[in-house]
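Notes to accompany the following structure.
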2 protein chains.
Amino acid sequence: MGVHSDLREKLITDYAKLSPQMQKAARYILDHPSDVALRSMRAVARAAGVPPSTITRLMTAIGVDTWQEFRGHYQNRLLDQPASYAQRARETQRTENDANRDEHLLESIARTEIDNISAAFSPEVVAQMISACKAVENARHVFIVGRGAAYPAAYQFAYAYRLFCDNGVLVDGHSGAFGDELRGIGRRDVLIALGARPYIRDTVRAVDFARSQNCPVIAISDSDVSPIALDAMAKLVVRDTSQSFFQSFTAALSVMQALVALLVARGGEKTLQRIAAAEEQLARFDTYLEEKSPTRNS
Amino acid sequence: MGVHSDLREKLITDYAKLSPQMQKAARYILDHPSDVALRSMRAVARAAGVPPSTITRLMTAIGVDTWQEFRGHYQNRLLDQPASYAQRARETQRTENDANRDEHLLESIARTEIDNISAAFSPEVVAQMISACKAVENARHVFIVGRGAAYPAAYQFAYAYRLFCDNGVLVDGHSGAFGDELRGIGRRDVLIALGARPYIRDTVRAVDFARSQNCPVIAISDSDVSPIALDAMAKLVVRDTSQSFFQSFTAALSVMQALVALLVARGGEKTLQRIAAAEEQLARFDTYLEEKSPTRNS
DNA sequence: AAACAAGTGAAACATTTGTTTCAGTCTTTT
DNA sequence: AAAAGACTGAAACAAATGTTTCACTTGTTT
């Protein structure tokens, strides 16, 4: 009986050969390893959405006789890797040779990203988000513009928004010339514009045009006085600090997601039903891969 | 709301006032904190050389009602989690009045996002990122596929990558049928695939096709055993936990940005020159609003 | 259709768990 | 020395745990 030094590996390689329910359990365990170390078997089973017997069967399937043995592995793993942030930083700094220069860079990227997101949810921005939200709720049409590096965040919002509202327009120039989609924009609409320095001309033009038509603007930008945010009715200022040459649009994306979450939360039951209907439609179009158990993950 | 921020401190200060047997127990717990997190109360009592009742009495003496609560503190400490999830959920639920429900939602969103990003830069993922990076550097072509909610992150990478390398292909279906762009994919290429549950059929098909052509796959996904990550040469597992109905792709975006940063950093001077040239070209195309220097500022 | 095997979850089972009870011990005070 | 009071640990208890059993479903083969 060889002792499995790494049974996470075994779980992954054998995954395909497991029965559907065991896969469900295996997946939860792979995704939540510390749960195994800390919680009881029944609790893990409950969290994974399977009966306790499935966990037992899974263990015998991968050659582990008892839950105690199984749990022991995960406990050791947890003890071997304290991996506290401070400690990790200290370690990477201690040995500053070329070997782990990459680790060091990534570590500082992580910190910067976290800082940016923290700043993006400061009280001032939060207040702006809420008022932006109200503007969107009352708008006839919601135009979203964001080019270049800002496009992902714009797309993200448009994509999610479309699932529960049909008055959103993503101005991306895919359908004809850029800006064509803005035709008819007016006082009762809202334009959500995203962009940071260097400001892309198209985006600024769209904002100027909207303003000339008396359409209120919600700006997600890097400054209160950026050409996009100037005269905007709501200014969501996010930092785009980055360790690399490029700006980081993580915070912008996060803010857009938060905006969606806020709209859904305020929309109540009706909105949830619309989302359910949209998902239903996507499922009917065979968009998603069929999965045995249509449960939602935690 | 006096939550015991640190009950190890309490254990030390009250140590003198405890009865001899309780001191024995307290001392063992102070010396073996992880035992509390991982083993049962009776096991701890046995190891400390005291009857179980002593542990109970010790807990009541320092103001903890139940072993579960006691153990919970030590488990959080082991996980290096500043605040427990359960506690956080309780806090956000506590003030469920309509007044500042929005603020609370946003605050908890922010926390979740930060957690997700922290997890995305864990040592395991960092290691995978570096090996993924090397694969990209040696690849003939770099294909990027990500649909639906994963598209923003895919686009972000493709957009940034294009500025310093011309062998990237964003598989987005804009040019004809989806998957057409994969023609000719082979052993010497790399496919970067993004996707989380529910898995979009197109993405999985692209991954399967790439695998059938012996093309190595870099997977950015929500599990080690997701249909995208299975058999991938590099698995970047990111959490997509979200307060709202939708998944959060913030961590995925952040990882993609970090990948770009890593590529640039490793590319050295030559890469920087290419980026400068690309920006120059964009400026000549009048893409940006006139501003003196297109270089980033602090 | 029938037979079969594999997969599954509710229930049952013996342990083990955290906690309480209580009789005995020890120290301190009178 | 006796009484009072706090300490202590064995035993008792209900609740929860890990595991096994067994009908039942499901999908496949004959």
Side-chain angles (χ1 to χ4, degrees), chain A residues 1 4 7 11 14-29 32-76 78 290-295, chain B residues 4 7 11 14-29 32-76 78 84 86 225:
Chain A
M1 279 300 174
H4 310 105
L7 78 171
L11 221 44
D14 290 10
Y15 184 78
K17 311 189 176 196
L18 296 171
S19 78
Q21 286 300 103
M22 289 198 207
Q23 285 192 354
K24 201 171 167 187
R27 165 154 185 161
Y28 182 87
I29 288 170
H32 306 85
S34 52
D35 269 32
V36 177
L38 299 176
R39 308 181 63 196
S40 76
M41 193 211 78
R42 282 181 119 102
V44 172
R46 216 176 308 127
V50 298
S53 29
T54 299
I55 305 269
T56 308
R57 285 195 262 263
L58 174 64
M59 288 191 309
T60 63
I62 62 170
V64 176
D65 290 327
T66 164
W67 169 258
Q68 256 204 347
E69 181 188 344
F70 193 70
R71 139 177 282 220
H73 283 265
Y74 281 86
Q75 292 189 335
N76 288 335
L78 197 66
E290 78 215 13
E291 285 204 286
K292 295 299 170 197
S293 45
T295 47
Chain B
H4 311 104
L7 78 171
L11 219 45
D14 290 11
Y15 185 79
K17 312 189 175 194
L18 295 172
S19 79
Q21 287 299 103
M22 289 198 206
Q23 285 191 355
K24 201 170 166 187
R27 156 141 204 174
Y28 183 87
I29 287 170
H32 306 84
S34 51
D35 268 33
V36 178
L38 299 176
R39 308 181 64 195
S40 76
M41 194 210 78
R42 282 180 120 101
V44 172
R46 216 175 309 128
V50 297
S53 28
T54 300
I55 305 269
T56 308
R57 286 195 261 265
L58 174 63
M59 289 192 309
T60 62
I62 62 170
V64 177
D65 291 327
T66 165
W67 168 259
Q68 255 204 347
E69 181 187 343
F70 193 71
R71 138 176 284 218
H73 283 265
Y74 281 85
Q75 292 189 336
N76 289 337
L78 222 180
S84 82
V225 291

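We name chains A, B, ... by the order of the sequence lines, and we start the count at 1 in each one.
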Heavy-atom side-chain contact between [X] and [Y] under 4.5 Å:
X: A:D65; Y: A:T60; answer: no
X: B:M22; Y: B:T54; answer: yes
X: A:W67; Y: A:T56; answer: no

What distance separates [X] [atom1] from [Y] [atom2], expressed to the nearest 0.5 Å?
X: A:S34; Y: A:Q75; atom1: OG; atom2: CD; value: 11.5 Å
X: B:R27; Y: B:L11; atom1: CZ; atom2: CG; value: 12.5 Å
X: A:Q23; Y: A:K17; atom1: CD; atom2: NZ; value: 12.5 Å

Whole-Å distance separating the [atom1] atom of [X] from the [atom2] atom of [N]:
X: B:R57; N: D:dA6; atom1: CZ; atom2: P; answer: 14 Å
X: A:Q21; N: D:dT25; atom1: CD; atom2: P; answer: 16 Å
X: A:L18; N: C:dG7; atom1: CG; atom2: C1'; answer: 13 Å
X: B:E69; N: C:dT17; atom1: CD; atom2: P; answer: 21 Å
X: A:M22; N: C:dT8; atom1: CE; atom2: P; answer: 7 Å
X: B:I55; N: C:dT20; atom1: CD1; atom2: C1'; answer: 16 Å
X: A:L38; N: D:dT17; atom1: CG; atom2: C1'; answer: 16 Å
X: A:Q23; N: C:dT8; atom1: CD; atom2: C1'; answer: 15 Å

TODO: Taking all non-hydrogen atoms of both residues into account, name the closest pair between A:M59 and A:F70 and its distance.
DONE: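 That would be SD-CB, 3.8 Å.
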Task: A:R71 (side chain) and D:dG18 (base): donor-acceptor pair under 3.5 Å - done: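 Between D:dG18 and A:R71, which were checked side chain against base, a qualifying N/O pair under 3.5 Å is absent.
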Would you indicate which nucleotide in [options] comes nearest to any side-chain atom of [X]?
X: B:S19; options: D:dG18, D:dT8, C:dG9; answer: D:dT8
X: B:W67; options: D:dT19, C:dT21, C:dT19; answer: C:dT19
X: A:M59; options: D:dT19, C:dT17, C:dT8; answer: D:dT19
X: B:R42; options: D:dT19, C:dT20, C:dG18; answer: C:dG18

Open item on the list: Heavy-atom nearest nucleotide on DNA chain D for B:T54 versus B:Q68: which residue maps closer to 5'?
Closed with: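 Here B:T54 is the residue nearer the 5' end.
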Task: DNA chain D contacts made by residues 44-53 of chain B, counting heavy atoms under 4.0 Å - done: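 Those residues are B:P51, B:S53.
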Open item on the list: Check this one for me: any side-chain N or O of B:T56 less than 4.0 Å away from OP1 or OP2 of C:dG18?
Closed with: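 No.
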Task: OP1 or OP2 of D:dT19 under 4.0 Å from side-chain N/O of A:T66 - done: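 It does, given that an N or O in the side chain of A:T66 lies less than 4.0 Å from OP1 or OP2 of D:dT19.
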